[in-house]
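Following: one structure in structure tokens, then a few remarks.
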Amino acid sequence: VQLQASGGGLVQTGGSLRLSCAASGFTFSNYNMGWFRQAPGKEREFVSAILWTGGSTYYRDSVKGRFTISRDNARNTVYLQMNNLKPEDTADYYCAADSGPWLRSTWYDKSGVDYWGKGTQVTVSS
């Protein structure tokens with residue numbers, strides 16, 4: 001199983017980035033997918049998730065209206081479009097796969113995650 005995140009970088013406040021996560025080694029279309037982030041010295045936190053069909057999404061409050069999660073099951077890829085970035089968005093971003101029930105709580109407490117990818121670094125300068 002591999003989850004390869006890419007698209008991170010350095011951007012100024014107000015800028016945009018699009019993260020991608022390419023999956024392999026499992027049946028991507030059967031899994032709910034999500035993004036987490038971890039800032040230096042802090043715990044990893046939930047950012048957003050999308051149902052296996054693409055028909056439902058969750059976002060943490062601080063990114064609502066700025067971030068958009070999407071997926072392409074034909075390409076086994078999940079995306080995170082991040083607009084109006086803020087310095088507090090600076091973190092390593094990780095994608096994750098979850099085969100369990102579609103519940104917000106299991107994303108927030110990370111209990112439903114089956115697979116983790118490696119991170120991609122996002123730095124937002126002020």
Side-chain angles (χ1 to χ4, degrees):
V1 170
Q2 280 197 330
L3 292 171
Q4 185 62 54
S6 61
L10 173 64
V11 64
Q12 291 185 332
T13 296
S16 297
L17 285 173
R18 188 195 196 203
L19 305 184
S20 299
C21 175
S24 61
F26 63 101
T27 306
F28 179 80
S29 58
N30 288 351
Y31 282 72
N32 307 321
M33 298 296 297
W35 289 94
F36 292 78
R37 66 187 180 187
Q38 187 166 16
K42 295 188 177 181
E43 291 190 1
R44 190 171 298 188
E45 65 180 17
F46 167 73
V47 175
S48 181
I50 187 166
L51 183 64
W52 64 275
T53 64
S56 182
T57 56
Y58 295 135
Y59 296 94
R60 72 180 300 107
D61 286 347
S62 62
V63 307
K64 283 181 182 177
R66 300 188 298 121
F67 290 12
T68 303
I69 191 171
S70 61
R71 65 188 295 159
D72 184 340
N73 285 348
R75 289 183 165 82
N76 289 353
T77 302
V78 60
Y79 305 97
L80 186 68
Q81 177 67 44
M82 305 187 296
N83 298 329
N84 190 22
L85 282 159
K86 304 176 180 181
E88 52 265 41
D89 295 318
T90 295
D92 290 329
Y93 282 71
Y94 300 85
C95 61
D98 173 1
S99 62
W102 180 239
L103 297 171
R104 184 185 298 270
S105 60
T106 60
W107 286 102
Y108 270 90
D109 65 18
K110 301 184 279 293
S111 63
V113 174
D114 296 301
Y115 306 125
W116 289 99
K118 294 183 180 179
T120 184
Q121 189 173 50
V122 172
T123 303
V124 185
S125 64
S126 56

(request) Compute the centroid of each ring, for Tyr115 and then for Tyr31, and state whether the two points are separated by less than 6.0 Å. (result) yes

(request) Consider only side-chain N and O atoms of Arg37 and Tyr93, and report whether a donor and an acceptor are under 3.5 Å apart. (result) yes

(request) Taking the six-membered ring of Phe36 (Phe, Tyr or Trp), confirm whether the NZ or CZ of Arg60 is under 6.0 Å from its centre and within 45° of its axis. (result) no

(request) Mind running salt bridge (Lys or Arg N to Asp or Glu O under 4.0 Å) on Arg66 and Asp89 for me, showing each step along the way? (result) CA-CA 11 Å; Arg66 300 188 298 121; Asp89 295 318; 2.7 Å; yes

(message) On a heavy-atom basis, which atom in Leu85 and which in Leu17 lie closest, and how many Å separate them?
(response) CD1-N, 3.8 Å

(request) Take the angle between the ring planes of Tyr108 and Phe46 and call it parallel below 30°, perpendicular above 60°, tilted in between. (result) tilted

(message) Show the nearest heavy-atom pair for residues Tyr94 and Lys118, with the distance to one decimal.
(response) CD2-C, 3.7 Å

(request) For Thr77 and Asp72, test the side chains for any donor-to-acceptor distance below 3.5 angstrom and give the result as yes or no. (result) no

(request) Search all heavy atoms of Ser16 against all heavy atoms of Asn83 and return the closest pair with its distance. (result) OG-OD1, 2.9 Å

(request) For residues Gln2 and Gln4, determine if any side-chain heavy atom of one lies less than 4.5 Å from a side-chain heavy atom of the other. (result) no

(request) Answer with yes or no whether the side chains of Ser29 and Trp52 bring together a donor and an acceptor at under 3.5 Å. (result) no

(message) For a quick test of reading the model, state the closest non-hydrogen atom pair linking Ala5 to Thr120 and the distance between them.
(response) CB-CG2, 4.0 Å

(message) For the backbone of Ser99 and the side chain of Asp114, can you confirm whether one donor and one acceptor N or O come within less than 3.5 Å of each other?
(response) yes

(request) Please report the shortest heavy-atom distance between Leu3 and Ala97, naming the atom on each side. (result) CD1-N, 4.1 Å

(request) Cation-pi check, Arg18 to Tyr79: give yes when NZ or CZ is under 6.0 Å from the six-membered ring centre and within 45° of the ring axis, no otherwise. (result) yes

(message) Name the residue from Val124, Thr123, Thr90 that meets the side-chain contact (heavy atoms from CB on, under 4.5 Å) definition with Val11.
(response) Val124

